[in-house]
Amino acid sequence: MAYDHRVIEARWQGYWEQHETFRAVRHPGRPKLYVLDMFPYPSGHGLHVGHPEGYTATDIFTRKKRMQGYDVLHPMGWDAFGLPAEQHAINTGTHPRETTRKNIDHFRAQLKRLGFAYDWSREVNTTDTGYVRWTQWIFLQLFKRGLAFQGEVPVNWCPALGTVLANEEVIDGRSERGGHPVVRQPLRQWQLKITAYAERLAADLAGLDWPETKQKQVDWIGRSEGAEVTFRVADQEAELRVYTTRPDTLFGATYVVIAPDHPLTLELTTEAQRAEVTRYAEVAARKSDLERTALGKEKTGVFTGAYAINPVNDRRVPIYTADYVLGSYGTGAIMAVPAHDQRDFEFAQAFGLPIVQVVDTERSSAGQELTEALSEPGVAMGSGAFDGLSTEQAKKEITRWLVERGLGEAKVNYRLRDWVFSRQRYWGEPIPIYFPMETDGDPTQGAAYTIDYSRPIALGEEELPLTLPELEDYHPGDPQGPLAKALTWRFFQREGRWYARETNTMPQWAGSCWYYLRYLDPNNQEEIFSQEAYDAWMPVDLYMGGAEHAVLHLLYARFWHKVLFDCGVVKHPEPFQKLVHQGMILGQAYRYYVALEGGEGEETERPISGLSQELARDAESGELTFQGAPVEERWVSPAEVRAQGGKYLHPTLDVELMLVTEKMAKSRGNVVNPDEVVAEHGADALRAYEMFMGPLEQVKPWQTSGLLGVRRWLDRVHQLAQRGVSDEPADLETRRRVHRTIKKVGEDIDALRLNTAVSAMMTLTNHLTSLPQPPREAFEALVLILSPFAPHLAEELWEGLGHAPSVADAAWPSFDPALCEDDVVELAVQVLGKVRGRVQLAKDASESEATQAALADPAVVRSLAGRAPRQVIYRPGKIINLIV
RNA sequence: GCCGGAGUGGCGGAAUUGGCAGACGCAGCGGAUUCAAAAUCCGCCGAGGUAACCCCUCGUGUGAGUUCGAGUCUCACCUCCGGCACCA
């Protein structure tokens, strides 16, 4: 008998809202817990089934902790700046604020229908002026500390989006969002000096309870130790600094490569080579990352005509320019050691440059020509006084030798780049900076002007927030961004002089860098947050969110936090103690094929099994074919499939189907809409099912049939209550099961093993169902431990048991450890490691007792076949193994 | 290519320090209920052999190893997923 989730869920959501059940309040003497969900971007598509996964997990965790007496802060908000709303504004003229407000209302309603225990009074929205003010305030702190600066740097200009993208937002030469082509182009950009914090960002990871994300951040920061070495340029007054991690191979440097965009490249190029080098540099500058990687592995480059002097042996080595050397890393120039670096090796082969081995490694054999670089460590050779030293020693000794002669120094480099912080966009936080300018009239009326970008002036903190102007037209295109068109906003007079505001805005990452701090005190008008609020809740004890933010968001937020730490604004060096990533939820659909046969106009479709082995892929076009005929994929949703004897069949056609699990996509018909699930099966069923699917961190496929199974379980729990509880004391077996389940569910929630917690409760439910009437103590315990998972149903049942609401305020049940352990256990008896029998034994039975009991088992006797055990391995409570 | 993670029934998954592989759920099969169906309830449910019951053999991606005993530990390999990708 199914309960009516519509009535129950609406009723209790109303109750919680009315009673502010989940308002976060600190009580003296109680432990605090700050649990944070990554706040969503409120897109026009609404919630998808992936959102409730992480949110439910933290909801269960916090509800349980509340019941155990913790003061809990569990807030929610909106990362509401972003391109889609602006794109919508460009297309329709609707103000992004309008779109954003509508989307947020939709999201909030959806989240409330899921019954999450958020403190909604702390909701934050990154686009509120009251929030933007403090985002800008943090920017000013960065600016004052010299961590925000402008640079004319080659950036990733995306013509289609009319904006600049960070390196991280460019994937294979295309924009991460939209997949538009990206080209390199110099532009004035604000940047944040995250590299100044590289060392601390890497080092402080050590103390954090984070998953493999730590390693990703370490890799992203990419610390490397090496040396900078000075090469004199022959016949010129110039010097060239190179960076190397292998100073021990200096004797093997047979040429030098300088990046095409290095400031010295054209300067040291000889007249004869100038035209060719110039052309190469121009082509390289225009190349997008896509072209560079697609044209790929072939090394290109041009001889500059100049030579450098290798400082260790005074040899003249040619200087090339090549785009495999990046201007933005190290010194923008390298010494090439083809014998011991694969990239240099490939270049040397392509250009016929000498390859000189200077490290003897296990792979090298005398006189053999190298077929690839020997990059592993070994023993120095051909390196004069340094011969015989190990690679480690040689690095040290040669570096010391260089330092003593003023030819080089030890140097640490990072792969991490400074953060390009400007966006040429409307829907973002205005950067609170203005510039002096020259003008012969009123620039708001079209007078000519020149802006002096070299003298940025910070807005006063009391002038914040700097709000966005209203625009008629949101189209980008001007490299200065759409704000450049708002003349009366952009230009203003102060003490008779004209000034121009910065027209770039901040990237979407800005607001999400510090939102966890604003939740502490979201309505504070005077300060970013009060010290009391900070001390009450920080740091974040558990942070839950998608692994796609493992590097960028989490690195940027840690960076800002450390800056605020240095400013004395926050007291902890790290914001997020424990981090968990929920896994993605995939969709499932069943595939078959159709072969398109017959000519034009009279095509027929022949269905083919989704498991067919006879399909071939055309080598040229990549199209699927079946016996020469073109083939198309067709999809059937799980609800329509006929299952028969372990096979899946098409509902009408006689073909077998293949189950395919992949990312949800409209084209596959495998998208699950949470609103529909809630309406049809209830929020409690959705919540419990998403937890039951499997381990939280794992990628898992959505199976509607599995959801139905969970709903049936909730119905059985509800049915138990309908039967009426018995006030007779529970039998021992039932009490044991109850206490064990309380223990297991509690431990599982603490460890976020929510899938096994659900199955433990199912097992207990099955047992209680087998009794004529569920004993009150047993059923009440079940309702309590169920309440974090299925809070609406639990409230209803709790009230039905005669208790005053809310079950969320009830105490988490305790268990009796003695009842969780058996005194008599069933022990498996092995003979030669194979289970042959089972005996009932006291948990702490002695070895002789155990052996005796084992030898009394007829099946064991049979297996022994008259042989006497030579050795007995007995592990009390676990196993007894007889060796013959 | 490099770095991480994972491979267990028809499907999702369980097995907490090496100790009864497959908990729990889905699907499937059989039965009860029903005029019938849905819903619900009960039973069976890794493969093979034998078969009234019992019992035997094999079985956690592949191959080796350690151990009385391996899904779990070690080595090599294969496949899939995620991240990075000329960072000197």
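Chain identifiers are assigned alphabetically (A, B, ...) following the order of the sequence lines, protein sequences preceding nucleic acid strands; residue numbering begins at 1 within each chain.
Of the candidates B:rC11, B:rU16, B:rC86, B:rU16 carries the atom nearest the A:K744 side chain, counting heavy atoms from C-beta on. Comparing B:rC24, B:rG69, B:rC86 by their closest approach to the side chain of A:T763 singles out B:rC24. Comparing B:rC84, B:rC11, B:rA88 by their nearest atom to the side chain of A:Q703 picks out B:rC11. Distance from the side chain of A:P701 is smallest to B:rG13 among B:rG13, B:rG19, B:rC24. Relative to the side chain of A:Q588, the nucleotides B:rC68, B:rC11, B:rA88 differ in distance, and B:rC11 lies closest.
A donor-acceptor distance shorter than 3.5 angstrom exists from the side chain of A:T391 to the backbone of A:G378, with no hydrogens or angles considered.
Rounded to a whole angstrom, the distance from the C1' atom of B:rA70 to that of B:rG18 is 6 Å. With P as the reference atom, B:rC35 and B:rG46 are 35 Å apart, rounded to whole Å. Comparing the same atom, C1', in B:rG7 and in B:rG63 gives a spacing of 16 Å after rounding to whole Å. Nucleotides B:rC77 and B:rG22 are separated by 27 Å at their C1' atoms, to the nearest Å. B:rG83 and B:rG25: their P atoms are spaced 35 Å apart (whole Å).
Using a 4.0 Å cut-off between charged side-chain N and carboxylate O, A:R223 and A:E225 make a salt bridge. For A:E733 and A:R737, the salt-bridge test passes: some basic side-chain N is under 4.0 Å from an acidic carboxylate O.
Residue A:R836 has no polar side-chain atom (N or O) positioned under 4.0 Å from OP1 or OP2 of B:rG69. For A:S224 and B:rA88, the shortest distance from a side-chain N or O to OP1 or OP2 is below 4.0 Å. Within the 4.0 Å cut-off from OP1 or OP2 of B:rG25, not a single side-chain nitrogen or oxygen of A:Y689 is found.
Side-chain to base pairing of A:Q830 with B:rG19: one donor and one acceptor N or O lie within less than 3.5 Å of each other. Not a single donor-acceptor pair, N or O on each side, falls under 3.5 Å between the base of B:rC84 and the side chain of A:K216.
Both the sub-6.0 Å distance and the 45° axial angle are satisfied by A:R711 relative to the ring of A:Y3. Both the sub-6.0 Å distance and the 45° axial angle are satisfied by A:K299 relative to the ring of A:Y324.
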Give me, pair by pair, the N or O atoms of the protein and of nucleotides 4-6 of chain B that are less than 3.5 Å apart, along with how far apart they are.
none

Strand RNA chain B as a dot-bracket string - pairs counted if Watson-Crick or G-U with both distances under 3.5 Å, | where the partner lies in another strand: (((((((..(((......[....))).(((((.......))))).((((.....))))..(((((..]....))))))))))))....
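Within residues 745-757 of chain A, the residues approaching RNA chain B are A:N755, A:T756, by heavy-atom distance under 4.0 Å.
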